[in-house]
Amino acid sequence: MSTPIEKITPYDEFNYSIPEDEFPKDGMSARAAAAVAISAEWTDANPMLNMSSFVTTWAEPEAAETAKRNIFKNYIDHDMYPQVFAMETRMVKWLHQLWNGPKGVEPYGTATVGSSEACMLAGLAHKWNWRQKREREGKDASKPNMVTGGNVQIVWKKFFRYFDVEPRIVPLRPGNYRLTAEELDKYVDENTIAVVAIAGQTFTGEDDDIQGIHDWLDAYEKKTGIAIPMHIDGASGGFVNPFLYPDYKWDFRLPRVQSINASGHKYGLVPPGLGWVIFRERKVFNEDLVFYVNYLGGEMPTATLNFSRNAFQVAVQYYMFLRLGFEGYRRVMQHTLDNAIALREILVKSEYFTVMNEAQRIPVVAVTLAKRIKNFNEFDVSNKVREKGWVLSAYSMPPNAEEVTSLRVVVRPHINRNVAELLANDIVNACDFLQTHGGNATPPALHAHAEEKTTATKC
């Protein structure tokens, strides 16, 4: 009598050794593969408790169903999925209107892979426009530069390097963590393709002095005849300012503002990664940057750096705009800002912290430990609250404010008042523990700082 062959079960497959350095030789059942993948994720942070991130971590079931329906659609294939393209085109017009674009012009823009691609496209448009203008005037067009503050997100430093634009980075200083007009005369010249100002910066959540920079550039043109455009990096503030501060002029109401980017996957309330770039009018985006292809079906234009990618974020953004409308977004942002203020008040009342962003515009709380605290630092606080599952950013500020260390909390719409107060109290309790027992966290070494300081002071 033959010995029966032992049946391999999903549990047996779950215990297979997973190769580290070579492609798996044999497959396994769907149940086992899912279980192995899930077990590998067990120690990842809970996205809902990741208060370091600006990225949306919650969606209504209907939004998730919208994503599921569109997950296999290729965003770039307008011939096969014309209605997704129609949604995008419609939303470009909506955002142009939301950001107070001029009437009587052709709105132009596109959905992108996060704000990084959006910033790259805007930067390229300004570089092309500057270069062609210089060439028409018979002037040297080989030395473009762009002026930003030291508070810009890393994408702009990538843009400088990838596309051969000289960085003119105005350094920060303790107590002033945003770009103002104060030192622009040392950085702006005839080769400046644009000045980038931020609405809702990563480090403290503040806006740059957008109106002040705009006015300075007006005066500079009057004095020199050189007209320099502005780009507004509204990755975080672009979906907050219009709803909470309708009278605040940060957008296309300022004539020099020629382009704006924002992250749909931040306060646009869409899962990652979706960005938007909107131009003041069609002619700002240089026609040389538009390509036409016909190998997906009919001929279609493409003006993005990426090509094939998922369409679900565009569809979910359309759902969210329809679902909430202007008034819904206003209420969501107001609740979120109120919850951030409640958290901030508890931290300040504890007397452990000093607020870094006095102007509380977007729902970000940026604090630094009071000078009297000597036996622990912001990195210790971040580590201690991690025991509760919370993830908070602790980091040293950019040049020339490296001596300042920040603890930042990004409050997103899935956090209600009770949870905001729970988090605040967990932070205070962590400080109570550290005050008694001390801390030993060492700030990470940042090799980029020496390079950044060089570029910041080369002008």
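The model shown is predicted, which means the values in this text are computed figures rather than measured ones. When a residue number appears, it is its place in the shown sequence, counting from 1.
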Peer 1: Without hydrogens or angle criteria, can the side chains of W276 and N261 be said to hold a donor-acceptor pair below 3.5 Å?
Peer 2: no
Peer 1: Test your reading of the model: is there a side-chain donor-acceptor pair from R412 to the backbone of S53, 3.5 Å cut-off?
Peer 2: yes
Peer 1: Using a strict threshold of under 4.0 Å (side-chain N to carboxylate O), is an ion pair present between E206 and R361?
Peer 2: no
Peer 1: Which is it for E421 and N425 under the side chain to side chain donor-acceptor pair (under 3.5 Å) test, yes or no, and what are the steps along the way?
Peer 2: CA-CA 6 Å; E421 292 176 353; N425 288 322; 6.0 Å; no
Peer 1: Between N339 and N416, does a side chain to side chain donor-acceptor pair (under 3.5 Å) hold up when you go through it step by step?
Peer 2: CA-CA 7 Å; N339 294 334; N416 62 17; over 6 Å; no
Peer 1: Decide, yes or no, whether a salt bridge links K283 with E106 under the criterion of side-chain N to carboxylate O below 4.0 Å.
Peer 2: no
Peer 1: Donor-acceptor check, side chain of E60 to backbone of E62, threshold 3.5 angstrom: yes or no?
Peer 2: no
Peer 1: Under 4.0 Å between a side-chain nitrogen and a carboxylate oxygen: does that hold for D207 and R178?
Peer 2: no
Peer 1: Is a donor from one side chain sitting under 3.5 angstrom from an acceptor on the other, for S263 and S115?
Peer 2: yes
Peer 1: Closer than 4.0 angstrom, basic N to acidic O: yes or no for E183 and R168?
Peer 2: no
Peer 1: Do W156 and H231 have ring centroids that are under 6.0 Å from one another?
Peer 2: yes
Peer 1: Taking the side chain as everything from C-beta on, heavy atoms only, tell me whether L407 gets closer than 4.5 Å to T368.
Peer 2: no
Peer 1: Enumerate donor-acceptor pairs with a distance under 3.5 Å from any side-chain N or O in residues 83-104 to protein atoms, sequence neighbours excluded.
Peer 2:
from: E88; atom 1: OE2; to: Y75; atom 2: OH; distance (Å): 2.8
from: E88; atom 1: OE2; to: T110; atom 2: OG1; distance (Å): 3.0
from: E88; atom 1: OE2; to: A111; atom 2: N; distance (Å): 2.8
from: T89; atom 1: OG1; to: F85; atom 2: O; distance (Å): 2.9
from: R90; atom 1: NH1; to: Y318; atom 2: OH; distance (Å): 2.6
from: H96; atom 1: NE2; to: R280; atom 2: O; distance (Å): 2.9
from: W99; atom 1: NE1; to: G238; atom 2: O; distance (Å): 3.0
from: N100; atom 1: ND2; to: D251; atom 2: OD2; distance (Å): 2.8

Peer 1: Applying salt bridge (Lys or Arg N to Asp or Glu O under 4.0 Å), can you list everything that pairs with R282, at least two apart in sequence or on another chain?
Peer 2: E287
Peer 1: Please find out if less than 6.0 Å separates the ring center of Y108 from that of F285.
Peer 2: yes
Peer 1: Between K349 and E351, does at least one N-O distance fall below 4.0 Å, as a salt bridge requires?
Peer 2: no
